[in-house]
Enquirer: 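Take this structure, written in structure tokens, and hold onto it; I'll ask about it next.
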There are 2 protein chains.
Amino acid sequence: MAADPVDAPHYWYGADDRMPSAAVLESLRAYRAAETAMRRRTRESMHMGESDLLALRYLLRAEREHRAVTPKDLADYLAISTASTSVLLNRLEKSGHIRRAPHPTDRRALVVTSTGASDDEVRATLGRMHARMLEVAAQLSVDEAAVVIRFLDGMREAVDAIDVPDGAASESARPADSEA
Amino acid sequence: MAADPVDAPHYWYGADDRMPSAAVLESLRAYRAAETAMRRRTRESMHMGESDLLALRYLLRAEREHRAVTPKDLADYLAISTASTSVLLNRLEKSGHIRRAPHPTDRRALVVTSTGASDDEVRATLGRMHARMLEVAAQLSVDEAAVVIRFLDGMREAVDAIDVPDGAASESARPADSEA
DNA sequence: GGCGATCGCTAGACGCTCTAGCGTTCCGAC
DNA sequence: GTCGGAACGCTAGAGCGTCTAGCGATCGCC
């Protein structure tokens, strides 16, 4: 494994049912690495940190679904403090990606909205990628899709099952991760 | 192009009223989120940064394959500067996870070795998880494994294909990613 | 033997996160 | 009606990890 993730000669084990499982995991690893790399490229091209981009994507998705987003929502989603969220919003506001507006009913809170610029910028990259991913997924038959889903769910359960001993992490929702 | 599958008048897909492609991507997303969360839990339980843990995993894997690792190797793999790598090694050395030893042939360089403690610590969590993942993968038939691999490779190509306009990110190889 | 390239290191700066604590606003109890 | 705790978003100051710049030591090729 190590070295090159790209040219792993999977696809074909012929009658040799040697270890397709290892090849599957290698493919998963390669995908994961590619995604991480893509994420970094995007981050760098937009001159942003990971959280900034994640916040922007979350915001754009929320707007598509007509959900209002408050700084608190972002803090929970990103699993960072509200203090960090304030600074994050300052950055995104100064760079012209978002705007702050008063919350319609709660005068303590505010709602975050995206500007057209940020929408275009993100859509230009992530949108295209998502379309390609959807294309690939659409090429699966119903049965094949079921296989893939079963596999991915199993993998998810495997990593979810890992509980760390030290136990430093436990509070409420750590789901915040990424994406969505 | 035509990315949006919305217009395709598909049949009905069982209990899940979404199209299988969307469901597949959702599973992929869920896995990704779970893995990110696991990574954070592990990081926190070991009181380490992301790079530290990645470096340690890289080192342990290299040792299993009897490959010597120099600070330069780590810098390239982690895509950080050699300066940052020096500091990283200082951290890991002080915490007792690694040791620095002179390089057998190049007196400018040195080789990084892991201590037994770090091996145990990592194996206690990641090893168990990897075993579970292997289990799940092993439940696939050869044909099913091929389907999953084809899917994952397609996904990898999709994210690899994304090229950012600004072009800030381009240096040498984009390999450095993560994982492995 | 000399000289550019490579290796790993320190110094100083920057960016992003954190905890602590602030004022404002909300909401249920009195 | 008002009073007090809770929730929201903010600023201040510190910590951590990364970066660039530049150092001495060593290598390898001429």
Side-chain angles (χ1 to χ4, degrees), chain A residues 36 39-40 43-44 46-56 59 68-95 97-113 168-169 171-174 176-178, chain B residues 36 39-40 43-44 46-56 59 68-95 97-113 168-169 171-172 176-178:
Chain A
T36 301
R39 214 169 272 260
R40 172 164 48 212
R43 234 183 332 116
E44 285 174 355
M46 293 183 66
H47 307 103
M48 277 182 177
E50 182 73 14
S51 291
D52 301 50
L53 187 57
L54 247 29
L56 208 46
L59 179 58
V69 172
T70 69
K72 177 68 166 137
D73 292 335
L74 280 172
D76 289 344
Y77 173 67
L78 298 171
I80 62 179
S81 66
T82 61
S84 301
T85 305
S86 284
V87 182
L88 181 150
L89 291 178
N90 287 343
R91 281 196 300 271
L92 291 180
E93 193 170 39
K94 194 193 299 199
S95 63
H97 287 101
I98 62 118
R99 256 191 293 269
R100 284 188 245 222
H103 193 283
T105 63
D106 189 339
R107 277 193 292 181
R108 293 169 305 179
L110 50 83
V111 285
V112 182
T113 60
E171 44 210 84
S172 51
R174 87 196 40 281
D177 337 309
S178 54
Chain B
T36 302
R39 211 170 274 260
R40 171 161 51 214
R43 235 184 329 117
E44 284 174 355
M46 292 183 68
H47 306 104
M48 278 184 176
E50 182 74 13
S51 291
D52 301 50
L53 188 56
L54 246 28
L56 210 45
L59 179 58
V69 172
T70 70
K72 176 69 166 136
D73 293 334
L74 279 172
D76 289 344
Y77 173 68
L78 298 172
I80 61 178
S81 65
T82 61
S84 301
T85 306
S86 285
V87 182
L88 180 151
L89 291 178
N90 287 344
R91 280 196 301 272
L92 290 181
E93 193 169 38
K94 192 190 305 194
S95 63
H97 287 100
I98 63 117
R99 257 192 292 270
R100 283 187 245 224
H103 192 282
T105 63
D106 188 338
R107 277 194 291 179
R108 293 169 305 178
L110 51 83
V111 286
V112 182
T113 60
E171 17 181 312
S172 50
D177 334 311
S178 57

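Worth knowing before you read on, the calculation uses all heavy atoms, side chains too, and leaves out hydrogens, waters and symmetry mates. Source: prediction; values computed, not measured. Throughout, protein chains are lettered first and strands after them, A, B, ... in sequence-line order, and every chain is numbered starting at 1.
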Enquirer: Using a 3.5 Å distance criterion without hydrogens, assess whether the side chain of Asp73(B) forms a donor-acceptor pair with backbone atoms of Thr70(B).
Expert: yes
Enquirer: Using side chain to side chain contact (heavy atoms under 4.5 Å, CB included) as the criterion, list what pairs up with Leu110(A), not counting sequence neighbours.
Expert: Pro71(A), Arg100(A), Val112(A)
Enquirer: In whole Å, what is the span from the CD1 atom of Ile80(B) to the C1' atom of dT20(D)?
Expert: 14 Å
Enquirer: Round to a whole Å and report the spacing from CG of Leu92(B) to C1' of dC16(D).
Expert: 14 Å
Enquirer: What contact category does Asp73(B) fall into here, base, sugar-phosphate, or nothing, at under 4.0 angstrom with non-hydrogen atoms?
Expert: nothing
Enquirer: Under 4.0 angstrom, heavy atoms only, what part of the nucleic acid is Thr85(A) near: base, sugar-phosphate, or nothing?
Expert: nothing
Enquirer: With respect to the phosphate group of dG9(D), does any side-chain polar atom (N or O) of Asn90(A) fall under 4.0 Å of OP1 or OP2?
Expert: no
Enquirer: Does any residue of residues 103-112 of chain B have a heavy atom under 4.0 Å from DNA chain C, and if so, which ones, in number order?
Expert: Arg108(B), Ala109(B), Leu110(B)
Enquirer: If you only use heavy atoms from C-beta on, which nucleotide in dT18(D), dG9(D), dA20(C) is closest to the side chain of Ala83(A)?
Expert: dA20(C)
Enquirer: Quick check: on DNA chain D, is the nucleotide nearest Val87(B) upstream (toward 5') of the one nearest Thr82(B), or the reverse? Name the residue that is more 5'.
Expert: Val87(B)
Enquirer: Rounded off to whole Å, could you give me the CD-to-C1' distance for the Glu50(A) and dT18(D) pair?
Expert: 15 Å
Enquirer: Between protein and nucleotides 14-16 of chain C, what N or O pairs are separated by less than 3.5 Å?
Expert:
none

Enquirer: Indicate whether OP1 or OP2 belonging to dG9(D) is found under 4.0 Å from a side-chain N or O atom of Ser86(A).
Expert: no
Enquirer: Report the C-alpha distance between Thr85(B) and Leu78(B) in whole Å, list the side-chain angles of each, state the deciding distance to 0.1 Å, and finish with yes or no for side-chain contact (heavy atoms from CB on, under 4.5 Å).
Expert: CA-CA 9 Å; Thr85(B) 306; Leu78(B) 298 172; 5.7 Å; no
Enquirer: Starting at CG of Leu78(B) and ending at P of dG17(D), how long is that distance when rounded to a whole Å?
Expert: 14 Å
Enquirer: What's the CG-P distance between Leu74(B) and dT18(D), to the nearest Å?
Expert: 12 Å
Enquirer: Could you give the NZ-to-P distance, from Lys72(B) to dC27(D), as a whole number of Å?
Expert: 18 Å
Enquirer: How many Å lie between CG on Leu89(B) and P on dT18(D), as a whole number?
Expert: 11 Å
Enquirer: How many whole angstroms separate atom CG of Asp76(B) from atom C1' of dC7(C)?
Expert: 12 Å
Enquirer: At less than 4.0 Å, is any side-chain N or O atom of Ser81(B) found next to OP1 or OP2 of dT18(D)? Yes or no.
Expert: no
